[in-house]
Structure formats: C-alpha cells, structure tokens
Amino acid sequence: MMDRRFFVTIRHSGFVAIVGRPNVGKSTLLNAILGEKIAIVSPKPQTTRNKITGVYTKEETQLVFLDTPGWHQPKTKLGNYMAKSVDATLIDVDAVLLVIEPHEEPRTAETELLSKLGKQVPVLLVINKIDTLADKSALMGVIAHWSKLRNFTAVIPISAMKNDGVDALLAELIPMMPEGPQYYPDDIVTAEPERVVVAEIIREKLLTLLSAEIPHGIAVSIERMHERENGDLIDIDATIYCERESHTGIIVGKGGSMLKKVGTQARVDIESLLGCHVGLHLWVKVKENWRNREGILRTLGYD
C-alpha cells in the first residue's frame with residue numbers, strides 16, 4: 001500500500017498512475033502537468049526505469065502522479081523489475097491515465113495493460129501527440145476504435161510536448177478525486193530523493209548524446225553529494241556503469257570530450273534543480289551484464 005500521510009483534509013486528493021507503452025510521452029505529460037521538469041525524456045525507448053512521483057497542488061487540490069516505465073515484455077532482470085513496478089503502481093490508485101499515440105490499432109503491450117486495469121478504477125484514455133496528425137479528423141476513428149475495447153471514463157486528445165489539452169485533462173480528472181488528506185506540502189513537486197533525480201538527469205544526457213546501442217546498458221550511481229561549508233556549492237561524484245569495455249571509449253570520447261559534454265549539460269539542469277552551483281565529477285566503470293545481476297540491480301536502486 002502507498003504511504004498516505006495526513007496533513008489536512010482537502011476537497012480533491014488522490015493518486016493517479018500514468019501508464020502506456022514506451023515512448024508514448026508519459027514523462028513529457030507529467031512535466032507538462034507540473035510545469036516543471038522532474039522526469040527525464042528522450043526519443044529512445046524505455047527511458048523511464050523507476051516509478052517517478054510528481055505532486056500537483058493547486059488551491060484545494062493535490063494529485064500525486066506516478067509516472068511508470070513503459071510497459072513491454074521484459075527480456076532482462078531489469079526489465080522484470082520495470083514490469084513489476086508498473087504492476088505495483090496499479091494496486092492502490094484513484095485513477096489511471098492510459099497514454100497512447102494516435103493510432104487506431106492497439107499494440108500488444110496496450111492490450112496487456114488494459115487487461116491489468118480493474119473495472120472499478122476510472123481510466124482516462126489520453127491520446128498524445130495529436131500535433132503529429134496531418135488530418136485531425138482521424139482522431140474520430142481512433143476514439144471509435146478504442147472505445148470498443150473499454151468504457152473509458154473520459155477520452156482526451158492532447159499534445160504534451162506543446163502543452164495542448166493538458167488543462168482539459170486536469171479539468172476532467174480533478175472532479176473524480178475523492179476528498180482526502182494533503183499528502184505533501186504546497187511547495188513539493190516531487191517525492192523523489194535529490195540523489196535519484198540527479199542520477200536521472202545524468203542518464204538523460206547520456207541517452208541524448210550517445211549512439212542507439214549504448215544507453216540501455218548504462219546506469220548512473222551517485223556516490224557522494226557534499227555541500228561545502230559556505231553553502232554555495234555542492235560537490236557530486238557520480239559513476240556511470242556500462243556493460244562492455246568497448247563502451248567506455250564511446251562514453252568518455254576522444255580526450256574526454258563526450259564525458260565533458262555530458263557533464264556540462266547535466267550540470268545546467270542539476271543547478272536548476274538544487275538552486276546552487278555544482279561541482280560534478282563523472283567516472284565510468286564496467287559491470288558486465290549488470291542488467292541481469294540482482295546484487296548490482298539492488299545496489300543501483302532497482303529493488
């Protein structure tokens with residue numbers, strides 16, 4: 001069960017799962033709802049590995065959004081962990097946002113997800129990336145097809161990237177939430193520890209900058225975060241783990257150029273997150289086949 005901490009009773013309060021296939025825009029949607037970037041985004045599949053908690057608070061409403069890994073058939077122990085993370089998230093929520101792309105035919109992963117969603121919980125079908133449709137009338141066919149598969153509580157077309165339709169989505173969702181406690185203070189936008197978010201920011205830059213075959217074999221561990229005595233700078237030591245010795249040269253780059261680029265881009269986002277200057281120090285280590293080694297997965301927080 002989720003930790004439902006009590007602060008004060010408010011009019012609309014609840015937990016909302018965001019689910020869907022990889023790369024349908026779940027993390028982009030979460031960031032758009034919050035108006036702040038807390039979940040990393042990338043065009044590469046399976047970007048999100050952990051459940052990311054985002055907190056939306058406005059007046060007498062607090063929604064706790066749970067952004068989940070993209071649902072897929074796992075091929076590694078890391079994949080098994082990601083699938084279990086989705087299953088665990090669906091156990092105790094007040095509503096589910098099923099995010100799809102504007103295609104008429106559901107994929108196998110989406111059919112499997114639909115079978116996991118209980119009949120009692122409200123499920124909103126969120127058709128994302130409508131900005132990619134040359135002919136918006138095609139949406140009617142998408143809605144008609146999907147409506148045969150389940151009686152959705154609402155169907156909302158959006159473009160999370162362009163923040164189009166997100167307010168309409170919230171307007172549908174908020175009245176469904178029961179009266180209940182405010183779980184987090186007003187100024188909290190994520191329940192994730194700073195170390196987790198910092199590691200994800202570094203991994204996002206690796207996903208963006210590296211070639212397609214490398215990122216799935218990469219993990220990031222924050223070894224140390226130390227605030228200097230004057231409070232103006234935080235030193236961060238992070239280790240980038242890869243699965244093959246041949247990948248280290250690609251990650252580091254000629255003369256350290258790639259690692260420097262990753263560090264420079266990550267530092268900008270980390271300083272924005274922490275509100276202070278950051279000294280970011282990156283190392284690269286090889287852990288062969290780490291995605292199938294339970295001990296290493298636990299060390300990296302996949303537990």
Side-chain angles (χ1 to χ4, degrees), residues 27-28 30-31 34-44 46-55 67 69 78 187-288 290-291 296-303:
S27 296
T28 304
L30 177 61
N31 292 337
L34 300 180
E36 189 166 335
K37 183 177 179 179
I38 67 160
I40 68 172
V41 294
S42 163
K44 295 183 172 69
Q46 299 171 32
T47 297
T48 300
R49 288 176 176 170
N50 283 301
K51 177 185 70 182
I52 301 295
T53 305
V55 183
D67 178 24
L78 173 61
D187 59 347
I188 295 294
V189 293
T190 181
E192 304 305 323
E194 289 179 343
R195 283 174 173 258
V196 172
V197 181
V198 168
E200 287 290 272
I201 288 171
I202 296 168
R203 192 167 66 87
E204 178 189 54
K205 306 312 173 189
L206 291 161
L207 283 167
T208 301
L209 293 169
L210 294 176
S211 56
E213 73 274 11
I214 307 297
H216 293 307
I218 283 179
V220 178
S221 174
I222 303 302
E223 311 297 342
R224 184 179 74 116
M225 289 182 66
H226 175 72
E227 185 175 352
R228 296 189 185 180
E229 289 184 5
N230 60 15
D232 291 338
L233 189 143
I234 295 178
D235 286 303
I236 299 175
D237 296 341
T239 300
I240 300 166
Y241 290 102
C242 60
E243 290 185 309
R244 300 178 185 175
E245 193 68 45
S246 60
H247 288 170
T248 59
I250 299 172
I251 297 168
V252 173
K254 186 177 181 180
S257 59
M258 179 58 72
L259 202 59
K260 182 178 180 180
K261 189 180 294 185
V262 169
T264 299
Q265 293 190 12
R267 188 180 297 110
V268 173
D269 284 0
I270 295 169
E271 288 182 342
S272 176
L273 171 73
L274 301 180
C276 66
H277 293 297
V278 166
L280 180 60
H281 314 282
L282 303 176
W283 285 268
V284 181
K285 293 183 179 179
V286 178
K287 293 282 187 184
E288 291 185 4
W290 67 264
R291 285 179 288 176
I296 296 176
L297 287 172
R298 285 194 294 270
T299 299
L300 293 171
Y302 302 119
D303 190 357

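All of these numbers come straight from a predicted model, not from anything done at the bench. We count residues from 1, following the sequence as given. Values below: all heavy atoms of this structure, side chains included; hydrogens, waters and symmetry mates excluded.
The CG atom of L34 lies 10.0 Å from the CG atom of D67; values are rounded to the nearest 0.5 Å. In this structure, CD1 on I296 lies 12.0 Å from CZ on R291, to the nearest 0.5 angstrom. Atom CZ of R244 and atom CD1 of I250 lie 9.5 Å apart (nearest 0.5 Å). The CD atom of E227 sits 5.0 Å away from atom CD1 of I234, with the distance rounded to the nearest 0.5 Å. Distance check: T299 OG1 to Y241 OH gives 8.0 Å after rounding to the nearest 0.5 Å. The structure places CD1 of I236 at 12.5 Å from CD of E223, a figure rounded to the nearest 0.5 Å.
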Checklist entry - Is there a side-chain contact (heavy atoms from CB on, under 4.5 Å) between E194 and V196 once you walk through the steps? => result CA-CA 5 Å; E194 289 179 343; V196 172; over 6 Å; no
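With contacts defined as side-chain heavy-atom distances shorter than 4.5 Å, the pair L297/W290 qualifies. The closest side-chain heavy-atom distance from I251 to C242 is below 4.5 Å. Side chains of R203 and I240 form no contact here, defined as non-hydrogen atoms less than 4.5 Å apart. Taking the side chain as every heavy atom from C-beta outward, D237 and I222 never approach each other to under 4.5 Å. Considering only heavy atoms from C-beta on, K287 stays 4.5 Å or farther from E243 through its side chain. Residues D235 and H281 are in side-chain contact: their nearest non-hydrogen atoms beyond the backbone lie under 4.5 Å apart.
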Counting only pairs under 3.5 Å, give me each side-chain donor-acceptor contact of residues 259-280, with atom names and distances, residues two or more places apart or in other chains.
residue	atom	partner	partner atom	Å
T264	OG1	K260	O	2.9
D269	OD2	K205	NZ	2.8
E271	OE2	V278	N	2.9

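The two atoms that bring V220 and A238 nearest to each other are CG1-CB, 4.3 Å, heavy atoms only.
Between E204 and K37, at least one side-chain nitrogen of the basic residue sits less than 4.0 Å from a carboxylate oxygen of the acidic one, meeting the salt-bridge criterion.
Between the side chain of T239 and the backbone N or O of S221, no donor-acceptor pair lies under 3.5 Å.
Of the candidates L209, V284, L206, V252, M258 forms a side chain to side chain contact (heavy atoms under 4.5 Å, CB included) with just one, namely L209.
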